[in-house]
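Residue numbers start at 1 and run along the sequence shown. Keep in mind the model is a prediction, meaning the values are calculated, not measured.
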Amino acid sequence: MRITDVVVTPIAIPDVPLANTKGVHPSVFLRAVIEVKTDTGLVGLGEAYGAKRTLTGLQAVAPMLEGLDPYDLRDLRQRVEAVLPNSGGVNAPTALADHKVTDVVYSAFEIPMLDIRGKEVGRPLYDLLGGAARRTIPFGGYLFYKFAKQDLTFGPDIMGEVMTPDTLVAQAREFAAEYGFKSWKLKGGVLHPDLEVETLLKLREVFPHDSLRIDPMGGWTLETTLKVIDQLGGTEGGVLEYLEDPVRGLDAMSVLSARTDMPLATNLVVVEFEHLIEAIKKDAVQIVLSDHHYWRGATGAVHLGEMCRASGLGVSMHSNSHLGISLAAMCHVAAATPNLTYDCDTHYPWSTKEIIKGGRPTFKGGALQVPDGPGLGVELDHTAVAELHDLYNRAMVQDRDDTDEMLKYIPDYVRMVPRW
């Protein structure tokens with residue numbers, strides 16, 4: 001079996017103005033849909049980032065995959081590195097963490113190759129990763145402060161303005177009713193820390209038995225972080241399950257780790273295996289967030305889990321704005337990661353579109369069942385992809401710039417990291 005053609009289709013999906021340390025989400029988020037075709041008629045599916053540098057890398061590598069054996073991941077890596085010898089970062093200038101072009105592009109093509117292999121042998125993708133430690137994948141509700149959407153050209157708003165502790169709690173109540181989440185992650189670093197503490201305390205009152213986390217994305221100083229930990233009750237009987245990336249940089253996280261027993265998680269300062277080794281040496285974090293989009297695909301993400309287990313670190317799972325192919329891959333990786341010690345993140349409730357047949361997957365009790373069909377277990381809805389590709393052409397957005405977008409809501413906004 002050999003690859004005969006690779007089709008990369010950029011798409012745009014309506015987004016809502018979710019606030020974060022960098023600014024606010026633009027009117028659309030970008031993805032790339034990948035179809036890897038073979039001489040046997042099997043087609044592997046993938047979903048990747050769709051911003052400019054990723055898309056350029058995907059389009060450069062795609063024609064070079066002709067003749068590749070879908071079982072030869074080493075050859076895939078070599079071809080990616082040959083086309084993209086400069087492995088600089090893919091993320092926009094406003095990003096707080098960057099990922100190598102080679103890692104992101106390799107990851108994007110590894111998933112459809114595994115999908116092909118699963119389809120050929122009639123086994124779900126998690127079996128190719130060593131088998132399923134679980135088939136029900138727990139997810140947490142991802143809570144955001146947000147603005148009311150100003151421009152409805154490309155799609156509707158969700159929930160209107162959420163800029164106070166009480167409206168954020170109302171957001172959580174709505175998600176709990178619709179999706180059944182039993183853990184919650186607040187995107188912090190947006191309001192004054194006292195208001196974010198108030199938000200978490202009110203969430204604890206409403207959801208007394210649920211797990212709570214906050215991710216300020218490096219938006220706090222060391223002193224602010226220690227104060228927040230104290231306000232939330234510390235580590236013994238306190239509010240937080242873990243604290244994600246409160247301060248910016250591996251060294252700052254290491255200093256904080258030496259000052260507190262609060263478990264520290266990251267998807268900003270540990271995004272490559274080399275970072276993991278350094279973080280372990282410095283005791284900078286206790287939990288790493290996995291993500292098959294940049295941890296060298298599904299095989300790399302599972303390998304990350306094994307390294308974390310050997311090092312005594314916990315594993316959670318990072319999310320970006322995604323659709324059903326990415327969500328299915330995420331579930332297979334989660335299934336094949338025995339030491340997935342925390343519920344996974346997901347942005348999925350913040351979108352209303354889908355590109356897989358059968359419509360949007362249904363969360364029950366805050367969890368999804370891993371698709372049990374061969375490979376990823378999902379099929380592409382070509383009509384939906386065509387509609388979102390048309391939106392991509394109409395929206396004329398090629399990159400994400402949360403800071404520039406924020407100026408539409410706060411004209412005198414100045415980005416500061418840390419801010420508090």
Side-chain angles (χ1 to χ4, degrees), residues 15-27 29 49 51 89-99 140-147 161-165 167-168 171 184-200 212-229 231-232 240 242-253 255-256 262 264-271 284-285 287 289 291 294 316 318-321 345 347 350 399-420:
D15 205 352
V16 293
L18 306 177
N20 57 74
T21 299
K22 299 178 295 181
V24 66
H25 285 207
S27 58
F29 67 87
Y49 306 146
V90 301
N91 288 356
T94 58
L96 295 176
D98 214 352
H99 309 124
Y142 211 155
L143 305 175
F144 285 83
Y145 301 107
K146 66 178 292 292
F147 296 96
E161 182 172 289
V162 180
M163 277 293 173
T164 66
T167 52
L168 195 289
Q171 179 188 118
W184 304 94
K185 174 174 167 177
L186 173 63
K187 182 63 80 177
V190 177
L191 305 183
H192 189 282
D194 288 347
L195 288 174
E196 296 188 352
V197 166
E198 180 183 344
T199 301
L200 288 163
L212 301 179
R213 318 162 186 170
I214 184 170
D215 172 20
M217 292 182 66
W220 296 343
T221 64
L222 175 65
E223 293 73 20
T224 295
T225 302
L226 292 170
K227 180 182 177 182
V228 168
I229 291 172
Q231 289 175 311
L232 293 173
L240 293 181
Y242 65 67
L243 179 56
E244 181 182 337
D245 285 312
V247 295
R248 186 174 184 181
L250 190 62
D251 289 338
M253 289 286 280
V255 172
L256 175 60
M262 172 64 65
L264 302 178
T266 186
N267 84 293
L268 291 181
V269 302
V270 178
V271 297
V285 300
I287 301 152
L289 274 64
D291 189 323
Y294 57 84
S316 187
H318 170 253
S319 162
N320 52 63
S321 299
D345 296 342
H347 283 68
W350 290 108
D399 247 326
R400 172 179 167 177
D401 190 333
D402 288 18
T403 303
D404 184 64
E405 187 74 14
M406 181 65 109
L407 298 176
K408 299 177 183 178
Y409 297 88
I410 304 177
D412 61 349
Y413 179 79
V414 177
R415 180 185 173 195
M416 297 172 58
V417 182
R419 179 171 295 275
W420 311 104

Indicate yes or no for a side-chain donor-acceptor contact from Thr224 to the backbone of Trp220 under 3.5 Å, with no hydrogens or angles considered.
-> no
State, yes or no, whether a side-chain contact exists between Asn267 and Asp291 at a heavy-atom distance under 4.5 Å.
-> no
Stepwise side chain to side chain contact (heavy atoms under 4.5 Å, CB included) check, Leu268 with Arg248 | CA-CA 8 Å; Leu268 291 181; Arg248 186 174 184 181; over 6 Å; no
Any side-chain donor-acceptor pair under 3.5 Å between Tyr145 and Lys187?
-> no
Tyr294 side chain near Tyr49 side chain, heavy-atom distance below 4.5 Å | yes
Just by modelled atom types, is the Asp245 backbone N or O under 3.5 Å from a matching donor or acceptor in the Thr266 side chain?
-> no
Thinking salt bridges, do Asp402 and Arg400 make one under a 4.0 Å N-O criterion?
-> yes
Is there a side-chain contact between Glu244 and Lys185, using heavy atoms and a 4.5 Å cut-off?
-> yes
Keeping the roles fixed (side chain from Thr21, backbone from Pro216), state whether a donor-acceptor pair exists under 3.5 Å.
-> yes
Give a yes or no answer on whether the side chain of Trp350 reaches the backbone of Tyr142 with a donor-acceptor pair at less than 3.5 Å.
-> yes
Could you tell me if the ring centre of Phe144 sits under 6.0 Å from that of His347?
-> yes
For the pair Glu196 (side chain) and Gly189 (backbone), establish whether a donor and an acceptor sit closer than 3.5 Å, ignoring hydrogens and angles.
-> yes
